[in-house]
Amino acid sequence: MISLYDTVTAEVRPLALREPGKVSLYACGPTVYDHPHLGHARSALTYDLLRRYLEWRGLDVRHVANITDIDDNIINRARDEDRTEGEVAVEWEAVYVDAMARLDVLDPHDRPRATEWVTEMVDFVGRIMDAGAAYTTPTGVYLRVRDVDGYGDLVHRDLDDLRASAGARVEVDEAKEDPLDFALWKAAKPDEPSWPSPWGPGRPGWHIECVAMSLGILGDGFDIHGGGNDLVFPHHTNERAEALAVGRPFARHWVHNAMLNIEGTKMSKSLGNYRTVVEMLDEHPLNGRAFRLLVLQTHYRKTMEVNPELMASARAAIQRLDALARRASAAGIAVQTGAAAADPRADGGAVEAFRAAMDDDLGTPQALAVVFDTLHRANTALDRGSTDAQALAATVFELAGALGVAVDAGGRGADEDGAIEDLVARRQAARDARDWGTADALRDELSALGVVVEDTPAGPVWHRK
RNA sequence: GCGCCGGUGCCCGAGCGGACCAAGGGAACGGCCUGCAAAGCCGUAAAGCCGCGGGUUCAAAUCCCGCCCGGCGCUCCA
């Protein structure tokens, strides 16, 4: 049985699916107007992991991740660069999608764009108006928060409490009936993109796109809604209120991942202390996998720290995985990662421990401990020439694959590989002739090319540093 | 101010009432293996006891109370 922490009930509880065997997952995607940073990557990785694990457990998952391609930030950026909002959004969406691919984040089944759902949003706002839970002002259409029962359930605060701190950071709009009321539809301002509506031209308000798209694609009472915990209020709280205002059951389960800190404080656009995903990825070929490992090493609900030292240690761990893959394949054991179906050769005890850890609110740190523990056992078995080696190594690859961590048995195929193979062969010939001087010189040559040679009982194997 | 989440070894990070397991990763040190390496294996480094002070209990890193410190949220930030 799979359990997950639910923000509404504030406890880890069994995942109660709308339909047995099927999971509908809506994860909040980015607003595309700039480079995605490491925090976006953590978030995407969290839901990619959830999706992969549910699938590994045999569930049929429908994963939706939106792209918000119209909002203040995009408008501002377009204005600054003297081009259209659409151009800005298209550019940054492409950067985002590409960066996620490099992180081995699986493409969601649907990646809806807000601007393609405006009709549905207008329709939704209309229904909220019909229900009497919204009103218009000169600046737009507002949801009357006190008409929504349990408005603050996600943040665990009641209306008075929320009101007391409303305006703590931003001044309130006098035209609203209540400071907590929020915009469903924003009346058009000059020079801003707008769409027609019964309340005049304007654009979508508080993430009404997420409601329209999640309910539109996944249907009422879909299973899981996820996002960064900075979205709990007001973003998700308002989204939820929009659905509740018209009596439509919303997400059954709310999952929120914690933030990512750099030097102890939240990495964010506004603080300017962020590092972009592309930058991190370009720094080292192993970084994509290393960052995923780093994310997995911290539980998703705990703030994680990132710095160069931690990236280096994660890379070292990835290299241990790859080293096992090289040893295994040199020993004639097939390396298959990311196998969807359980590998029949896998070690039962380890798989069971892994599953128990993951079933309990995605216990990736412990799950990873199982993987590395098994890796150690596999190496020992390999040293002893034990027949257990095959099962243990297969288990490591299978479980790493379930977490989306790719394992690389070595570099073959590229153009210059022929030359490398040649050097490796010449070195081996020199070794056979006990000409250590020549052998070492050749090894230095390879090293200069960024290639490491390892001598195994089955002959030399090499890989890139 | 209000709400939420944390404070565990050199670093990261599990554990959330009971077994000598305070996991796992990284770093360090010694040894084995190796022509030498790399990879791997074996072992070690006193975690003076898990932020501080009380309490509950036969038993607490794990529960309760207070305090200190850090992080996040309180209108458009994953």
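The model shown is predicted, which means the values in this text are computed figures rather than measured ones. Each chain gets a letter, A, B and so on, in the order the sequences are listed, and its residues count up from 1.
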[N] to [M] separation - [atom1] atoms, rounded to the nearest Å:
| N | M | atom1 | result |
| --- | --- | --- | --- |
| B:C21 | B:A37 | C1' | 35 Å |
| B:C16 | B:A22 | C1' | 13 Å |
| B:U57 | B:C10 | P | 34 Å |
| B:A61 | B:G15 | C1' | 8 Å |
| B:A47 | B:A38 | P | 28 Å |
| B:G73 | B:C63 | C1' | 28 Å |
| B:C50 | B:C12 | C1' | 16 Å |
| B:C33 | B:G40 | C1' | 8 Å |

Please work out if [X] contacts a base, only the sugar-phosphate, or nothing of the nucleic acid, heavy-atom cut-off 4.0 Å.
| X | value |
| --- | --- |
| A:N307 | nothing |
| A:G39 | base |
| A:N379 | sugar-phosphate |
| A:V453 | base |
| A:L260 | base |
| A:L180 | base |
| A:R427 | base |
| A:V232 | nothing |
| A:D230 | base |
| A:A357 | nothing |

Near-parallel close stack of A:W206 and B:C76 base (under 5.5 Å, under 30°) = yes
So does [X] get a side-chain nitrogen or oxygen closer than 4.0 Å to the phosphate oxygens (OP1/OP2) of [N]?
| X | N | result |
| --- | --- | --- |
| A:H376 | B:C42 | yes |
| A:Q297 | B:G24 | no |
| A:R320 | B:G40 | yes |
| A:N73 | B:C77 | yes |
| A:K302 | B:C72 | no |

Tell me yes or no: between the side chains of A:Y47 and A:N257, is some donor less than 3.5 Å from an acceptor?
->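 Side-chain D/A pair, A:Y47 to A:N257: present.
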Check whether the side chains of A:N238 and A:E242 place a donor and an acceptor atom closer than 3.5 Å, and report yes or no.
->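 On atom types as modelled, these side chains do not qualify, holding no pair under 3.5 Å.
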dist A:I75:CD1 -> A:D80:CG (nearest 0.5 Å) comes out at 12.0 Å
Using heavy atoms to find the nearest nucleotide of RNA chain B for A:R42 and A:R431 separately, return the residue whose nucleotide is more 5′.
->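 It is A:R431, whose closest nucleotide lies nearer the 5' terminus.
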Report the residue (A:E309 or A:P30) whose heavy-atom-nearest nucleotide on RNA chain B is the more 5′ of the two.
->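 The residue whose closest nucleotide sits nearer the 5' end is A:E309.
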Side-chain donor/acceptor of A:H256 to base of B:A78, under 3.5 Å | no
Dump the intermediate steps for side chain to side chain contact (heavy atoms under 4.5 Å, CB included) on A:R111 and A:Y96, then the final yes or no.
-> CA-CA 12 Å; A:R111 211 196 287 277; A:Y96 178 79; 4.2 Å; yes
Search all heavy atoms of A:S214 against all heavy atoms of A:Y26 and return the closest pair with its distance.
-> CB-CD1, 3.4 Å
So, for A:E85 and A:I70, which heavy atoms are closest and what is the spacing to 0.1 Å?
-> CG-CD1, 4.3 Å
Scan every strand shown for a Watson-Crick or G-U wobble partner of [N], both distances under 3.5 Å, and answer none if you come up empty.
| N | answer |
| --- | --- |
| B:G9 | none |
| B:C58 | B:G18 |
| B:C29 | B:G43 |
| B:U75 | none |

State which residue, out of A:L50, A:D361, A:D359, A:L362, fulfils the side chain to side chain contact (heavy atoms under 4.5 Å, CB included) condition with A:I2.
-> A:D359
A:T380 side chain, from C-beta outward: closest of B:A78, B:C42, B:G73 | B:C42
